[in-house]
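Model, not experiment: these values are computed from the prediction. A, B, ... follow the sequence lines: proteins, then strands. Residue 1 opens every chain.
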There are 2 protein chains.
Amino acid sequence: MPAQTTERRREKPARARILDTATRLFYAEGVHSVGIDRIIAEAGVAKATFYNHFPGKDDLVRHYVTEESLRQRTLTAGLPAAPPRDTLHALFAYMCEVGGSPAYRGCPFVNTAAEYPDPAHPVRQAIDDHRRWMRGLFHDLLVADGHPDADRTAGILMLLRDGLVVGFDLDDPSALRATAREAVTRALR
Amino acid sequence: MPAQTTERRREKPARARILDTATRLFYAEGVHSVGIDRIIAEAGVAKATFYNHFPGKDDLVRHYVTEESLRQRTLTAGLPAAPPRDTLHALFAYMCEVGGSPAYRGCPFVNTAAEYPDPAHPVRQAIDDHRRWMRGLFHDLLVADGHPDADRTAGILMLLRDGLVVGFDLDDPSALRATAREAVTRALR
DNA sequence: ACGTTACCAGACAGATCTGTCTATTATCGG
DNA sequence: CCGATAATAGACAGATCTGTCTGGTAACGT
């Protein structure tokens, strides 16, 4: 019964541990394959604590998606200033770098959407938000680059982006890396 | 008690009813969201019958994938003879047609892969088979068209193909249809 | 010093899922 | 006509999943 060794203040707060663990497991194994019990066990959190922070699993999934979106937006915002076209190439180069990692399991948004068929579901709406942001990012960079027809080209870049995240997961990443830059160059031409 | 009204010979055999029902439900709602109980109920089949035909759910999923692959190969083989470049455009036009349907829920292979993280799993290997076939199809058509660098361009077409199936599921299909032909044309240039 | 807040441990209920098993019925080949 | 085959209905076991609830503990602010 002795007090647990914990100096709890040193650890991350419970909510953050839950979200971190959920993010890791959901991404690596899929949303429906990972149960709440496993998340609370690996997060080292009591069940009541989880349900104090989140109304239920769906809400945790929604936060998983929005947090991941926030992370990507922050990363993008932190890119060094550069000509818009360079930034576009840098974005795709970064995708290729991440996609080459052995832990790469595809795009968390695309993968999660595959498990939530109803487009009206809050999880899907969070995914839609992220995709709207990304399309807008492409569009704004193309406009800044003076590209004619920024709308349509942003659509093509979304196509390539989605193709890359799927391909890096399911095909040979090294072959794909070479293809990627070529495809982006052709698309921006 | 009274025989059931069945003239069983008139109906599709049980195995086909199982596969049809599984295909419909897996595609519409996702693999892990659909239980065996529901499949046998909607297929109008006894539980023992299911386990007589399939060793377990994973094997049913594998057959779902291979049957879907076979269906696409048969459809492709049945295309009217045409110059290879026309056939390529026809393939993408067909994707756009299918992707515009309100029941469209993305690519069954991509969606199923999202629920099977282990690349060594038989289900994933069946998906790999299908993707190899599709890449080979693009490659052969490009070679027949006299395209230089058929390898790399086939990779780009795979990129576009994957981007389309994701986009038709998650974005506005009508806007995407216009983008698609443009993107294919740019890629084949 | 004390009350509030956050957290922990774990039992519990109710649903659902996979897979096995029994017992029965219908159809077909020979 | 009869045995083999294939299908039916449904009970059952064991696991797992979500969500609730109880009771206790540790740290913090005031």
Side-chain angles (χ1 to χ4, degrees), chain A residues 1-22 24-26 28-64 112 115-118 121-123, chain B residues 1-22 24-26 28-64 112 115-118 121-123:
Chain A
M1 332 227 161
Q4 10 196 139
T5 68
T6 21
E7 308 123 28
R8 225 174 288 156
R9 283 292 133 194
R10 295 281 181 90
E11 304 169 4
K12 262 187 182 172
R15 186 192 165 91
R17 292 202 314 271
I18 294 170
L19 253 178
D20 287 354
T21 307
R24 178 171 54 84
L25 294 178
F26 284 161
E29 306 186 20
V31 170
H32 285 123
S33 299
V34 176
I36 289 293
D37 282 341
R38 181 139 166 252
I39 292 172
I40 65 168
E42 297 203 18
V45 154
K47 208 160 196 182
T49 303
F50 170 77
Y51 282 101
N52 275 344
H53 284 289
F54 301 93
K57 187 182 178 181
D58 269 5
D59 199 63
L60 175 64
V61 177
R62 194 171 57 80
H63 276 87
Y64 157 59
T112 302
E115 300 199 56
Y116 284 83
D118 178 11
H121 194 286
V123 168
Chain B
M1 324 217 240
Q4 9 195 148
T5 68
T6 21
E7 309 122 32
R8 227 175 283 155
R9 282 292 133 191
R10 298 279 181 90
E11 305 171 3
K12 259 190 184 171
R15 187 190 164 93
R17 293 205 310 272
I18 294 170
L19 253 177
D20 287 355
T21 308
R24 178 172 54 85
L25 294 178
F26 284 161
E29 306 186 19
V31 170
H32 286 120
S33 299
V34 176
I36 290 292
D37 282 340
R38 182 141 165 248
I39 291 173
I40 65 168
E42 297 204 16
V45 155
K47 207 160 195 180
T49 303
F50 170 76
Y51 282 101
N52 275 344
H53 284 288
F54 302 93
K57 187 183 178 181
D58 269 6
D59 199 64
L60 175 64
V61 177
R62 194 171 57 79
H63 276 89
Y64 156 59
T112 303
E115 299 198 58
Y116 284 84
D118 178 11
H121 193 286
V123 168

Residue pairs, two or more places apart or on separate chains, that pass salt bridge (Lys or Arg N to Asp or Glu O under 4.0 Å) and touch residues 50-60 of chain A: A/Asp59-A/Arg62

Nearest-angstrom distance from the residue atom CG of B/Asp37 to C1' of D/dT16: 14 Å

Distance in angstrom units between A/Ile39 CD1 and D/dT16 P, rounded: 16 Å

Qualifying residues under salt bridge (charged side-chain N to carboxylate O under 4.0 Å, His left out), relative to B/Asp20, sequence neighbours excluded: B/Lys12

Rounded distance in Å - CD (A/Glu29) to P (D/dC17): 11 Å

Residue list, ring pair (Phe, Tyr, Trp, His ring centres under 6.0 Å) with A/Tyr116, at least two apart or on another chain: A/His32, A/His121

d(CZ, B/Arg15; P, D/dT5) in whole Å: 18 Å

Which residue lies more 5' along DNA chain D, comparing A/Arg38 with B/Ala14 via nearest heavy atoms: B/Ala14

Length of the line joining B/Phe26:CZ and C/dC17:C1', which is rounded to integer Å: 13 Å

Whole-Å gap separating C1' (D/dT18) and CG (A/Leu60): 13 Å

Rounded distance (Å) that lies between atom C1' of D/dA7 and atom CD1 of B/Ile18: 10 Å

Residue-phosphate contact under 4.0 Å: A/Arg17 side-chain N/O, C/dC8 OP1/OP2: yes

Pairs satisfying side-chain hydrogen bond (donor to acceptor under 3.5 Å, both in side chains), at least one member in residues 41-52 of chain B, at least two apart: B/Arg24-B/Glu42, B/Asp37-B/Lys47, B/Arg38-B/Glu42

Set of residues satisfying ring pair (Phe, Tyr, Trp, His ring centres under 6.0 Å) with respect to B/His53, sequence neighbours excluded: none

A/Asp58 CG to D/dC17 P, straight-line distance once rounded to whole Å: 16 Å

Strand contacts (DNA chain D) in residues 44-57 of chain A, 4.0 angstrom heavy-atom criterion: A/Lys47, A/Ala48, A/Tyr51, A/Gly56, A/Lys57

Spacing of OG1 belonging to A/Thr21 relative to CZ belonging to A/Arg17, to within rounding of 0.5 Å: 8.0 Å

